[in-house]
Amino acid sequence: MISSKSLKYTVRILLGTLIGVYLGIIVLLNIPYVQGKLSVFVTKELKNILNTEVSIGRIDMGLLNRIIVEDVLLHDRKNQEMLKVARLSAKFDLLPLLNGKVTISSVQLFGFTVNLNRETPESAPNFQFVLDAFASKDTVQKKNNLDLRINSLLIRRGKVSYDVLSEKETPGKFNPQHLRLRNIIANISLKALQNDSINAAIKRLSIEEEHSGFELKKLSLKVIGNDQRMKIENFAIDLPNTSLAMDTIHMDYDSLGAFDNLAQDVRFSFHLLPSQIALQDLSAFVPAFGSFKEKLQVEVQTDGTVNQLNCPHLSVSVGNHFYLRGDVSLQDLSHPENAYIFGNLSNLYADPEGIAFFVRNFSKNYNGVPPVLQHLGTVSFRGEVSGYFTDLVTYGQVRTDIGTIQTDVKLSSNKDKGYFSYSGAVKTKEFELGKMLGNKKLGKVTFNLDVNSSHYENQYPSVLLKGLVASIDYSDYNYENITLDGEYKQGGFTGKVALDDTNGSVILNGTINTASRGPTFNFQASIDKFRPHALHLTPNYEDTEISVKVKADFTGGSIDEMNGEINIDSLLFAAPETQYFLDNLKISAIRESENQKRLT
């Protein structure tokens with residue numbers, strides 16, 4: 001029978017042996033020669049498994065619960081560098097492994113470069129062979145009871161590139177087919193990750209996207225979720241000149257598989273707290289925001305999915321100079337170029353300083369607010385907005401200091417081509433046109449017009465007009481019943497203008513352009529009982545009427561420059577004391593050479 005003294009001695013010997021072996025292994029693994037051999041062994045095994053170029057500079061294992069790997073290099077199957085890591089270290093707890101749990105105290109990933117690509121959107125990525133090599137060969141699927149905890153994950157000096165080689169690059173614009181992420185810094189805590197739940201916190205994440213210029217200075221959040229719902233707390237984003245903060249984000253879904261189609265199957269709601277936003281920070285996604293440097297204050301409440309998003313409360317303001325209030329719904333936001341918007345604007349207000357704010361921030365070369373906009377004074381709008389971001393329809397009422405305009409207009413733009421257009425119906429009553437244009441001879445106007453206009457930067461606009469100008473003040477006279485049906489283009493007008501006034505009837509049909517280098521006239525005109533004095537066009541010829549028919553086809557701004565002909569027919573000049581009638585007069589000016597002209 002073994003005595004207690006012998007048993008104690010035996011236990012001491014066994015513990016001493018185990019401790020000695022443990023310490024011996026630690027000492028052995030910290031000998032540079034052994035570390036070098038271990039690196040060579042692991043490198044050789046990985047080469048055989050992956051069938052590609054692999055190298056590892058050093059492997060350091062301390063206390064058997066800490067590992068440091070340095071200078072890792074992995075090529076893809078085309079022998080291109082796919083992964084390069086300067087230092088990867090991890091410290092983990094051994095005892096939880098006995099219960100099937102993986103608890104990692106800390107992970108540090110410093111100085112890494114990842115280069116990923118695929119030939120086409122449908123082809124396998126260049127890292128697929130790594131996934132295949134370590135995939136389970138067991139044909140019978142077994143449930144994996146994941147139970148992982150990482151107290152601290154630190155990432156520094158990271159770079160990641162991704163390219164779909166068949167797709168075009170878009171310099172200056174964010175393109176998920178061509179990514180260049182750099183200066184990746186992260187501090188993440190994964191408190192629990194299981195098959196159906198997560199508890200994690202991102203204390204800091206910052207990234208720069210080189211191709212588009214987008215910069216995420218800081219992202220922080222805390223996420224807790226299971227297989228049907230999730231909440232994200234303390235969500236905050238800092239961009240170079242933007243700070244966004246939200247209250248708790250709630251997400252609901254039928255199963256975790258819904259995240260495979262996140263834009264359609266994951267429902268969420270959140271409240272964007274009043275935040276300062278400089279739209280220039282988002283110019284990588286919307287290039288039109290490139291010059292928008294100053295800040296807006298934005299507050300939004302939302303619910304729905306990415307592709308069916310409702311915003312029952314939307315508020316945008318610039319101090320007391322501009323504010324927008326309304327509710328908005330958006331569709332297909334996962335494809336911004338096809339996103340559709342419908343908004344009910346309960347109030348949109350801009351005083352002169354608010355108008356100057358937007359002109360200043362949407363102008364590449366700001367030269368002040370155009371006088372036309374200055375003369376509007378304070379502007380407000382109530383109505384609806386619908387359509388795509390580059391094709392919007394506005395329906396509602398615009399109020400200004402100089403009058404009110406009712407609109408049902410489509411607005412289209414292409415910032416890259418410097419193109420802007422609008423079309424639809426516009427009507428107003430007693431709008432002070434003269435004040436807007438800074439023309440003292442013009443007064444108020446009342447009209448109902450269909451308009452179709454296009455405008456390229458640094459060019460004359462093209463404007464199609466059709467409708468009735470019921471009245472317009474000019475030179476202290478109120479003209480009535482002017483019908484328009486034509487096009488203003490390149491500084492000239494082509495079409496038909498008809499005036500049916502008590503003091504004269506005028507019908508003009510053709511083209512007149514006085515803005516071109518050589519003025520052109522090609523029109524037919526019929527004037528009947530035209531009273532220039534009564535129309536305040538001249539202080540002379542009181543009680544005089546003029547009737548005439550004119551057909552003109554010539555160029556030039558004077559008789560000396562004229563080239564073409566004018567036909568005057570049935571000219572009647574009737575004054576109180578005299579009357580003159582001219583049956584027909586034809587004037588022709590033909591340039592026979594550079595220095596010779598024939599006038600008949």
Residues 282-309 vs salt bridge (charged side-chain N to carboxylate O under 4.0 Å, His left out), sequence neighbours excluded, gives Glu294-Arg360

Before accepting this row, confirm whether a basic side-chain N of the pair Lys529/Glu545 lies closer than 4.0 Å to the acidic partner's carboxylate O. no

Do the side chains of Glu209 and Arg180 get close enough for a salt bridge, i.e. N-O under 4.0 angstrom? no

Which label fits Phe285 and Phe174: parallel for a plane angle under 30°, tilted from 30 to 60°, or perpendicular past 60°? tilted

Assert yes or no for the condition that the ring centre distance of Phe292 to Phe357 is strictly below 6.0 Å. yes

Main-chain N/O of Val286 paired with Ser283 side-chain donor or acceptor, under 3.5 Å: no

For Thr378, is there any backbone N or O sitting under 3.5 Å from a side-chain donor or acceptor partner on Asp401? yes

For the residue pair Ser334 / Asn307, report whether a side-chain donor-acceptor contact shorter than 3.5 Å exists. yes

Aromatic contact, Phe493 with Tyr488 (centres under 6.0 Å): no

If a pair satisfies salt bridge (charged side-chain N to carboxylate O under 4.0 Å, His left out) and one of its residues is in residues 492-514, list it, with sequence neighbours excluded. none

To check you understand the geometry: which heavy-atom pair defines the closest contact between Tyr479 and Leu535, and what is its length? OH-O, 3.3 Å

Listed by chain and number, what are the salt bridge (Lys or Arg N to Asp or Glu O under 4.0 Å) partners of Lys444, not counting sequence neighbours? none

